[in-house]
A.B. asks: 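Structure incoming, see below.
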Amino acid sequence: MTLTVQEFYKEKKEDFLLELVAGSGGLSREVSVSELNRPALAIGGFFENFRWERVQVIGRGEHAYLNHVVLKKSHEYLKDFFKFKIPCIILTHKQEPKPELLELSDQFQVPFLVSGLETAVLASELAAYLEDRLSPTITLHGVLVDVYGLGVLISGDSGIGKS
């Protein structure tokens, strides 16, 4: 199962207090895994084991690092970060993103969202939502019965006498 960033944004905009601030050209990007990533090392230029396929969550620590180290040193780290096919970036605590981040987000069409939630709350609720939304499902007709404390599923077409 996959979910586009646009679908995610429409479904959870109010629950997660989300605002799309840049990268709207990438709303068709897909979220295909339920795990999240805190990209502190990647925004500093270290990409070994970077989990780019995950939603990237930037909390206060990463944001301070971006503002005080990365943006003052080199935009090349950030350009390399944005070149990955990241589904989207979410900045927590309703922090104000630097214009450089928004420009790169628009340039590489990576949706950049700002959430009013605290990082831990957002991460917990978002992971639970993605796990539920992206889990494989199967629908079948059946009846579940308890046989000596063990659940037994009897499946089959409607009307064949499963009850």
Side-chain angles (χ1 to χ4, degrees), residues 1-43 46-63 78 80-95 97 101 104-163:
M1 298 275 314
T2 60
L3 169 74
T4 67
V5 175
Q6 184 168 17
E7 291 169 331
F8 156 64
Y9 182 62
K10 282 183 180 178
E11 289 177 20
K12 300 311 274 183
K13 177 181 180 177
E14 298 192 7
D15 293 340
F16 295 163
L17 308 175
L18 294 172
E19 179 185 356
L20 177 66
V21 293
S24 60
L27 286 172
S28 62
R29 288 181 182 229
E30 292 185 343
V31 179
S32 58
V33 295
S34 59
E35 294 86 6
L36 308 175
N37 191 55
R38 302 284 302 273
L41 293 172
I43 59 179
F46 185 76
F47 297 107
E48 189 172 324
N49 298 316
F50 174 44
R51 302 309 304 259
W52 58 267
E53 71 280 3
R54 298 176 178 180
V55 171
Q56 306 296 310
V57 177
I58 298 177
R60 285 186 172 155
E62 294 94 348
H63 193 242
L78 283 176
D80 290 342
F81 173 77
F82 276 93
K83 286 178 185 176
F84 285 90
K85 189 122 172 94
I86 297 167
C88 67
I89 298 168
I90 303 177
L91 179 63
T92 62
H93 293 276
K94 201 163 180 74
Q95 298 174 91
L101 290 174
L104 287 168
S105 195
D106 282 332
Q107 179 184 345
F108 290 97
Q109 297 184 352
V110 176
F112 198 107
L113 307 163
V114 175
S115 171
L117 298 179
E118 294 180 12
T119 308
V121 174
L122 175 78
S124 173
E125 292 186 20
L126 178 55
Y129 163 75
L130 291 175
E131 182 70 34
D132 181 59
R133 187 68 163 68
L134 297 174
S135 294
T137 60
I138 185 169
T139 304
L140 49 93
H141 195 82
V143 63
L144 183 63
V145 294
D146 180 338
V147 180
Y148 300 112
L150 183 65
V152 177
L153 176 65
I154 303 169
S155 64
D157 292 332
S158 179
I160 65 166
K162 295 178 298 300
S163 313

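Hydrogens, waters and symmetry mates play no part in the numbers below; they use all other heavy atoms, side chains included. Since this is a predicted model, take the numbers as computed values, not measurements.
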A.B. asks: Say you draw a straight line from OG1 of T119 to CD of Q95; how long is it, rounded to the nearest 0.5 Å?
C.D. replies: 7.0 Å

A.B. asks: Kindly indicate whether the side chain of L134, heavy atoms from C-beta on, has any atom under 4.5 Å from the side chain of L3.
C.D. replies: yes

A.B. asks: So, does S124 use its side chain to make a donor-acceptor pair with the main chain of A120 at under 3.5 Å?
C.D. replies: no

A.B. asks: Would you say the ring centers of F47 and F81 fall short of 6.0 Å from each other?
C.D. replies: no

A.B. asks: Closest heavy-atom contact between P111 and L27?
C.D. replies: CG-N, 3.9 Å

A.B. asks: Rounded to the nearest 0.5 Å, what's the gap from CZ on F8 to CZ on R133? Could you check?
C.D. replies: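 Reported to 0.5 Å precision, the distance equals 11.0 Å.
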
A.B. asks: Do the side chains of L144 and V152 get nearer than 4.5 Å, heavy atoms only?
C.D. replies: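 A side-chain contact is absent here, since even the closest heavy-atom pair is not under 4.5 Å.
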
A.B. asks: Nearest 0.5 angstrom please: W52 CH2 to I86 CD1, how far?
C.D. replies: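 So the CH2 of W52 and the CD1 of I86 are separated by 9.5 Å.
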
A.B. asks: Side chains of F50 and I43: closer than 4.5 Å at any heavy-atom pair?
C.D. replies: no

A.B. asks: Give the intermediate values and the outcome of salt bridge (Lys or Arg N to Asp or Glu O under 4.0 Å) for residues K12 and E14.
C.D. replies: CA-CA 6 Å; K12 300 311 274 183; E14 298 192 7; over 6 Å; no

A.B. asks: Is it the case that atom CD in E35 sees more than 12 heavy atoms from other parts of the structure closer than 6.0 Å?
C.D. replies: yes

A.B. asks: Kindly say whether Q109 contributes a backbone atom to a donor-acceptor pair with the side chain of R29 at under 3.5 angstrom?
C.D. replies: yes

A.B. asks: Would a distance-only check, ignoring hydrogens and angles, find a side-chain to backbone donor-acceptor pair under 3.5 Å from N37 to V55?
C.D. replies: no

A.B. asks: Identify the two heavy atoms, one from F84 and one from D80, that lie closest to each other, and give their separation to 0.1 Å.
C.D. replies: CD1-O, 3.3 Å

A.B. asks: If you round to the nearest 0.5 Å, how far is CD of Q6 from CD of E30?
C.D. replies: 12.5 Å

A.B. asks: Would you check if L126 and I90 make a side-chain contact, meaning some heavy-atom pair closer than 4.5 Å?
C.D. replies: yes

A.B. asks: Do side-chain atoms of S115 reach the backbone of T92 as a donor and acceptor pair under 3.5 angstrom?
C.D. replies: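 The answer is no, because no donor-acceptor pair under 3.5 Å joins these two groups.
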
A.B. asks: Work out which heavy atom in L20 is nearest to a heavy atom in S24; give both atom names and the distance.
C.D. replies: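 Heavy atoms only, the tightest pair is CD2-CB, 3.8 Å.
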
A.B. asks: Does one side chain, of S155 or H141, offer a donor that lies under 3.5 Å from an acceptor on the other?
C.D. replies: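 Looking only at side-chain atoms, H141 and S155 do not form any donor-acceptor pair under 3.5 Å.
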
A.B. asks: Please say whether more than 12 non-hydrogen atoms of neighbouring residues, nucleotides or ligands are located less than 6.0 Å from CG in D157.
C.D. replies: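 Check fails, neighbour count at 12 or below.
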
A.B. asks: Rounded to the nearest 0.5 Å, how far does CG of L91 lie from OG of S105?
C.D. replies: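 Taking OG in S105 and CG in L91, the distance rounds to 11.0 Å.
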
A.B. asks: Write down the atom of D106, the atom of G23, and the distance for their closest heavy-atom approach.
C.D. replies: OD1-N, 2.6 Å

A.B. asks: If the threshold is 4.0 Å, N to carboxylate O, is there a salt bridge linking K85 and E53?
C.D. replies: no

A.B. asks: Any side-chain heavy-atom pair from V145 and L153 closer than 4.5 angstrom?
C.D. replies: no

A.B. asks: Measure the spacing between CD1 of I89 and CG of L101 and express it to the nearest 0.5 Å.
C.D. replies: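 Answer for the CD1-CG pair, I89 versus L101, is 7.5 Å.
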
A.B. asks: Looking at H63 and I58, what are the two nearest heavy atoms and their distance?
C.D. replies: N-CG2, 3.7 Å

A.B. asks: Report yes if some heavy atom in the side chain of L36 is under 4.5 Å from a heavy atom in the side chain of R54; otherwise report no.
C.D. replies: no

A.B. asks: For the residue pair T2 and S32, what are the closest heavy atoms and their distance?
C.D. replies: CG2-CB, 3.9 Å

A.B. asks: Does E7 reach the main-chain N or O of T4 with its side chain, forming a donor-acceptor pair under 3.5 Å?
C.D. replies: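 Side chain of E7 to backbone of T4: a pair is present.
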
A.B. asks: Does the side chain of F16 come within less than 4.5 Å of E125's, by heavy atoms?
C.D. replies: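 When only atoms from C-beta onward are counted, F16 and E125 do touch, with a gap below 4.5 Å.
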
